[in-house]
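Only one structure is covered here, and it is reproduced in the block below.
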Amino acid sequence: MKRIIGLVVLWALCATTAHAATLEEKVVEHTLKNGMKILMVERHTSPTVSAWIRFRVGSVDERSDERGIAHLLEHMLFKGTTTLGTKDYAAEKPLLDKIETTAQAIMAEKAQRGKADTAKLETLQKQLTALETEASKYVIKDEFFELYSKNGGTGYNAFTSRDGTTYLISLPSNKLELWAAIESDRLKNAVLREFYTERSVVMEERRRSYDADPESKLWETFVAANFLTHPYGQPTIGWMSDIENLTRSKAENFFHSYYAPNNAIVAIVGDIDTTRTIALVERYFGDIKPGKEPAPVTAMEPAQAGERRIELIVEAEPTVMISFHKPAIATPDDYVFDVITMILGSGRTSRFYNKLVIEQQLVTEIGAFDAPGSRYPNLFVISANPRSPHTIKEVEEAIQAELDLLKTMPVAGRDLQRILNKMEYEEARRMGTNGGLARNLTEFEATTGSWRYMTELRNNIAKVTPADIMRVAGSYFTRENRTVGFITKKGGGK
């Protein structure tokens, strides 16, 4: 798992003519009475549109008995509604209710551990299997996908993070009403059919992509070691015991509480008329009632008082990860970290690449990024793969030498200007698609409180001085604020 995550999106100007309007002038905002916020940008370069819905609820908002539920819900909300994904919901629903009763009885019996009645469990499991087989006769697989696909939709997907959950689609602009009909129906009438079957799918995903993958296993152990108190330390997919104890009832309660218009940000970008689009969204989503807002996470990670080291001994090539606690997005020092990230780890002109990959040939890959979320104080992370025969210790020392250099040697003004130039180029490229702009609008509206973070970021980055970089490096890149995680190959040294 290479978590060399891209830098936070930086700065954008969206040009469509020689006298291009800035993004500030092009974004049209509208908020429905139920709290749903719509961000729209007209782009008439092609007859297409991208529509993204971002819910301001992610795994960081889960209670301890709900861990993994946001990710599992991402899977479940593709299963359909009372009218889509079913041949006869009236006949299907009683079976779904019996499935839930039986599944909860199984979980209650298993909770007794050594005292569980194995014969009773076997009987209940047979009943559950029979009920799921009967209910499956009413299921129409992938009906959302088929509807979109037959109408020219592409990129239909979703993703869950610690900070939120997003559903996305691109489609011909004359099919926008189809999107409104499907997505509003999903919010109003979602049915979490095949829940326990899908829970087993997620458990297998966890085994394959995390438990059996050395770098993924190191990553989630490493993150957990960084956060003793804050829920950022919990994996979005959940630990295996978390997933095993999720129920459809819990998922439905979580869904009806938080997947509501007042927690939703919608971005619609492309060949649209904003006035007509507002009317369309009002017509389909305006009657949906608001839900509860997730409570702010009040847990505060205590300051680290000494270096933490995590070792994973497996039959895999060595890997090293180094992290330092840092502030959340849109805070003054976070802008300085953006600059540090670009100086150290952004591309082939970065210091890490030139020094450790090219000159010293210590590593085959190295990168720097923020993780695991943005809304709350997070981590500055460096990940590297040593080049044989070099050791973890050599790589760790070389990385620390570059960090220490930032504390004592001012970054040249030309290097800061090069960063600004690169920002403009990279963001102009990123923002060239409707989907890229829709993602950025929803992401930054959700994590910072305003999509205008994008338009203000370049100016904030331009204010960062060499003295700021030395101050931040000196304050944060300390031994007591450092966590090191590494893979040691079985039978090998560090």
Side-chain angles (χ1 to χ4, degrees), residues 3 5-10 35-37 39 52-64 66-71 73-74 158-168 219-220 222-224 226-238 254 257-267 291-304 323-338 341 369-381 438-457 460-461 476:
R3 293 188 178 258
I5 301 171
L7 296 174
V8 292
V9 179
L10 304 172
M36 176 176 277
K37 188 162 192 176
L39 304 172
W52 289 53
I53 303 178
R54 166 74 177 237
F55 294 98
R56 283 181 282 211
V57 56
S59 61
V60 76
D61 301 298
E62 299 164 345
R63 298 193 312 259
S64 60
E66 298 171 331
R67 288 195 293 253
I69 208 162
H71 173 259
L73 261 176
E74 175 205 314
F159 57 88
T160 306
S161 69
R162 284 164 171 85
D163 289 336
T165 306
T166 302
Y167 290 84
L168 57 134
W219 171 254
E220 68 175 11
F222 176 75
V223 172
N226 271 281
F227 293 98
L228 305 182
T229 301
H230 197 276
Y232 267 172
Q234 302 301 321
T236 297
I237 195 172
F254 195 81
S257 294
Y258 303 124
Y259 289 67
N262 54 308
N263 294 324
I265 301 157
V266 179
K292 295 190 296 186
E293 292 186 7
V297 176
T298 56
M300 295 183 66
E301 189 65 25
Q304 199 165 306
S323 67
F324 301 88
H325 289 274
K326 59 172 285 293
I329 193 171
T331 53
D333 283 355
D334 183 60
Y335 296 118
V336 183
F337 269 102
D338 287 343
T341 300
F369 53 93
D370 289 354
S374 298
R375 284 163 53 191
Y376 301 100
N378 50 39
L379 303 173
F380 172 77
V381 182
R439 175 171 186 156
N440 295 346
L441 289 170
T442 54
E443 173 77 12
F444 293 117
E445 182 70 27
T447 56
T448 72
S450 174
W451 60 268
R452 290 175 179 82
Y453 172 87
M454 288 189 294
T455 64
E456 298 164 355
L457 184 54
N460 286 318
I461 292 292
Y476 293 92

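Values below: every heavy atom of this structure, side chains too, minus hydrogens, waters and symmetry copies.
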Next item on the list: Compute whether any side-chain donor of one residue and acceptor of the other, for T160 and E74, lie under 3.5 angstrom apart.
Entry: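 Present: a donor and an acceptor within the cut-off.
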Backbone N or O of [Y] within a donor-acceptor pair of the [X] side chain at under 3.5 Å?
X    : Y    : result
T331 : A328 : yes
N263 : A260 : no
T165 : V57  : yes
N262 : G291 : yes
E66  : R63  : yes

How close do [X] and [Y] get, heavy atom to heavy atom, and via which atoms?
X    : Y    : answer
N378 : P327 : OD1-O, 3.3 Å
T236 : S161 : OG1-C, 3.9 Å
A267 : A438 : CB-O, 3.6 Å

Below 4.5 Å, heavy atoms only, C-beta onward: do [X] and [Y] meet side chain to side chain?
X    : Y    : value
E301 : L228 : yes
P231 : Y376 : no
D61  : Y258 : no
N440 : W451 : no
V223 : P235 : no

[X]: salt bridge (charged side-chain N to carboxylate O under 4.0 Å, His left out) partners, not counting sequence neighbours:
X    : result
E62  : none
D163 : none
R67  : D242

Between [atom1] on residue [X] and [atom2] on residue [Y], distance to nearest 0.5 Å:
X    : Y    : atom1 : atom2 : value
Q234 : F227 : CD    : CZ    : 11.0 Å
H71  : I69  : NE2   : CD1   : 12.5 Å
S59  : R162 : OG    : CZ    : 5.5 Å

Next item on the list: Report the C-alpha separation of L379 and F324 in whole Å, then their side-chain angles, then the decisive distance to 0.1 Å, and conclude whether the side chain to side chain contact (heavy atoms under 4.5 Å, CB included) test is met.
Entry: CA-CA 6 Å; L379 303 173; F324 301 88; over 6 Å; no
Mind checking whether [X] and [Y] have ring centres under 6.0 Å apart?
X    : Y    : result
F380 : F369 : no
F55  : Y259 : yes
H325 : Y232 : no

Notebook entry, point to check: Between D370 and K326, is there a side-chain N and carboxylate O pair less than 4.0 Å apart?
Noted result: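 Looking at K326 together with D370, the answer is yes, because their closest N to O distance falls below 4.0 Å.
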Note to self: Any salt bridge linking E445 with R54? Criterion: basic side-chain nitrogen under 4.0 Å from a carboxylate oxygen.
What the structure shows: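 A salt bridge is absent here (no side-chain N lies under 4.0 Å from a carboxylate O).
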Next item on the list: In sequence, state the C-alpha distance, the side-chain angles, and the governing distance for Y453 and N460, and then conclude on side chain to side chain contact (heavy atoms under 4.5 Å, CB included).
Entry: CA-CA 10 Å; Y453 172 87; N460 286 318; over 6 Å; no
Next item on the list: Carefully, step by step, assess L457 and Y335 under the rule side chain to side chain contact (heavy atoms under 4.5 Å, CB included).
Entry: CA-CA 8 Å; L457 184 54; Y335 296 118; 3.2 Å; yes
Notebook entry, point to check: In terms of the angle between their ring planes, are F222 and W219 parallel, tilted or perpendicular, with boundaries placed at 30° and 60°?
Noted result: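 Answer is tilted, since the angle falls between 30° and 60°.
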Checklist line | Option among I265, L39, V266, I53 that satisfies the side chain to side chain contact (heavy atoms under 4.5 Å, CB included) test with T442 | finding: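 Result for side chain to side chain contact (heavy atoms under 4.5 Å, CB included) with T442: I265.
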Next item on the list: For ring-ring contact (aromatic ring centres under 6.0 Å, His included), just list the numbers for Y167 and F159, CA-CA rounded to whole Å, side-chain angles, deciding distance to a tenth of an Å, and then say yes or no.
Entry: CA-CA 7 Å; Y167 290 84; F159 57 88; 9.0 Å; no
Next item on the list: Show your reasoning for whether side chain to side chain contact (heavy atoms under 4.5 Å, CB included) applies to H230 and V60.
Entry: CA-CA 8 Å; H230 197 276; V60 76; 3.8 Å; yes
